[in-house]
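Okay, structure first, notes after.
Letters A, B, ... are given to chains in the order of the sequence lines, protein chains preceding strands, and every chain is numbered from 1. Heavy-atom basis, side chains included; hydrogens, waters and symmetry copies ignored.
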Protein chains: 2
Amino acid sequence: MNEVFKAIADSNRRKILKLLNDGELNAGEIGQSFELTPPTLSHHLSILKAADLIRQRREGTQLIYSLNTTVMQDLAAAVFDLIPAQTTDLTTENP
Amino acid sequence: MNEVFKAIADSNRRKILKLLNDGELNAGEIGQSFELTPPTLSHHLSILKAADLIRQRREGTQLIYSLNTTVMQDLAAAVFDLIPAQTTDLTTENP
DNA sequence: CAGATAATTAGACGAATGTCGAAATAACTT
DNA sequence: AAGTTATTTCGACATTCGTCTAATTATCTG
């Protein structure tokens, strides 16, 4: 889990996650939203991948990235764990 | 918000937040849960404070720390923002 | 005021991070 | 096989980070 928190500590990486919210994208498409060189983008993607926040698959010459929603949910749970119980009142029905 | 994500990237700092979940504590009390020198602890506290995740008040010779639940909730919201809508199904009634 | 206790600030240091340019890989196309 | 396109890996570099020891500040008490 520590790796996940480190991964989302960078705003570029959080932006990548948000982009993937709307569906999978290849590396080049992701890069169009940033002013970073391809190596830097690739580095960020590899950190997100190492944290298992995203998945990668190849399609011909391009690598296509998508969110790993399972780990995203684990992250949400871990964040809630940081917050006092009464405070976290998103579900209006807690016994 | 970036400062908040940086702040929770460190596991010692997340542990501090969890400790404060159960109520306010002074610096010394927090320190008892760690094997860190007082200066290091103080440093982590100052980062949490700069991110406005915790509040500090003095009582005599000791400094007492408590959670700032407002920012904790902002954090939770920001994390949800990273996650696809359907995935985040904690509240079973979303219009 | 002098001493004790609680905690911080200052300064140093190695490790980790974000970025880049250059070189390498992978897969397709001709 | 050679060229093109997509993306990564390598190596370098400045900056930030987490930690420590030493020194300082703040508050109380005899």
| query | Think Thr37(B) has a side-chain N or O under 4.0 angstrom from the OP1 or OP2 of dC20(D)? | reply | yes

### Query
When you measure from the side chain of Arg13(B) to the backbone N and O of His44(B), does any donor-acceptor pair fall under 3.5 Å?
no

| query | Any donor and acceptor pair, going by atom type alone, linking the side chain of Lys6(B) with main-chain N or O of Ile47(B) inside 3.5 Å? | reply | no

Practice item. Check every strand shown and say whether Tyr65(A) touches a base, only sugar-phosphate, or nothing at a heavy-atom separation below 4.0 Å. Key: sugar-phosphate

Between CG of Asn26(B) and P of dT5(C) the distance, given in whole Å, is 16 Å

His44(A) has its side chain closest, among dT19(D), dA7(C), dG18(C), to dG18(C)

note: Phe5(B), atom CZ; dG18(C), atom P; distance rounded to Å ~ 15 Å

Of the listed dA26(D), dC20(D), dC17(D), the closest approach to the Arg58(B) side chain comes from dA26(D)

**Request:** For the pair Ser46(B) (side chain) and His43(B) (backbone), establish whether a donor and an acceptor sit closer than 3.5 Å, ignoring hydrogens and angles.
**Result:** yes

In whole angstroms, the gap separating P of dC13(C) from NE2 of His43(B) amounts to 17 Å

When rounded to whole Å, the CG to C1' distance for the pair Leu45(A) and dT19(C) reads 15 Å

From the candidates dT19(D), dC10(D), dT5(D), the one with an atom nearest any side-chain atom of Thr61(A) is dT5(D)

Quiz item: Got a donor-acceptor contact below 3.5 angstrom from the Arg14(A) side chain to the Ile8(A) backbone?
Solution: yes

Closest of dT8(C), dA6(D), dT8(D) to the Ser42(A) side chain is dT8(D)

Of the listed dA7(C), dG18(D), dG18(C), the closest approach to the Lys6(B) side chain comes from dG18(C)

Only residue of Glu24(B), Gln56(B), Arg57(B) satisfying side chain to side chain donor-acceptor pair (under 3.5 Å) with Tyr65(B) is Gln56(B)

Rounded to whole Å, the CG-P distance (Leu25(B) to dA6(C)) equals 15 Å

Checking dC20(C), dT19(D), dT9(C) against the side chain of Asn12(B) (C-beta onward), the nearest is dT19(D)

Gln56(A) atom CD is separated from dA26(C) atom P, nearest whole Å, by 13 Å

Exercise. Could you tell me whether Glu59(A) contacts a base, only the sugar-phosphate backbone, or nothing, with contacts defined as non-hydrogen atoms closer than 4.0 Å?
Key: nothing

Gln62(A) has its side chain closest, among dG18(C), dT8(C), dA6(D), to dA6(D)

Ile47(B) atom CD1 is separated from dT8(C) atom C1', nearest whole Å, by 14 Å

inquiry  = For the backbone of Arg55(B) and the side chain of Asn68(B), can you confirm whether one donor and one acceptor N or O come within less than 3.5 Å of each other?
reply    = no

To the nearest angstrom, the CD1-P distance between Ile16(A) and dG18(C) comes to 11 Å

Query raised in the report: Does the side chain of Thr40(A) get closer than 4.0 angstrom to OP1 or OP2 of dG18(C) through an N or O atom?
Result: no

Checking dT21(D), dG21(C), dA7(C) against the side chain of Pro39(B) (C-beta onward), the nearest is dT21(D)

The nucleotide from dT19(D), dT8(D), dG18(C) with an atom nearest the side chain of Leu36(B) is dT19(D)

Of the listed dG21(C), dT21(D), dT7(D), the closest approach to the Ala27(A) side chain comes from dT7(D)

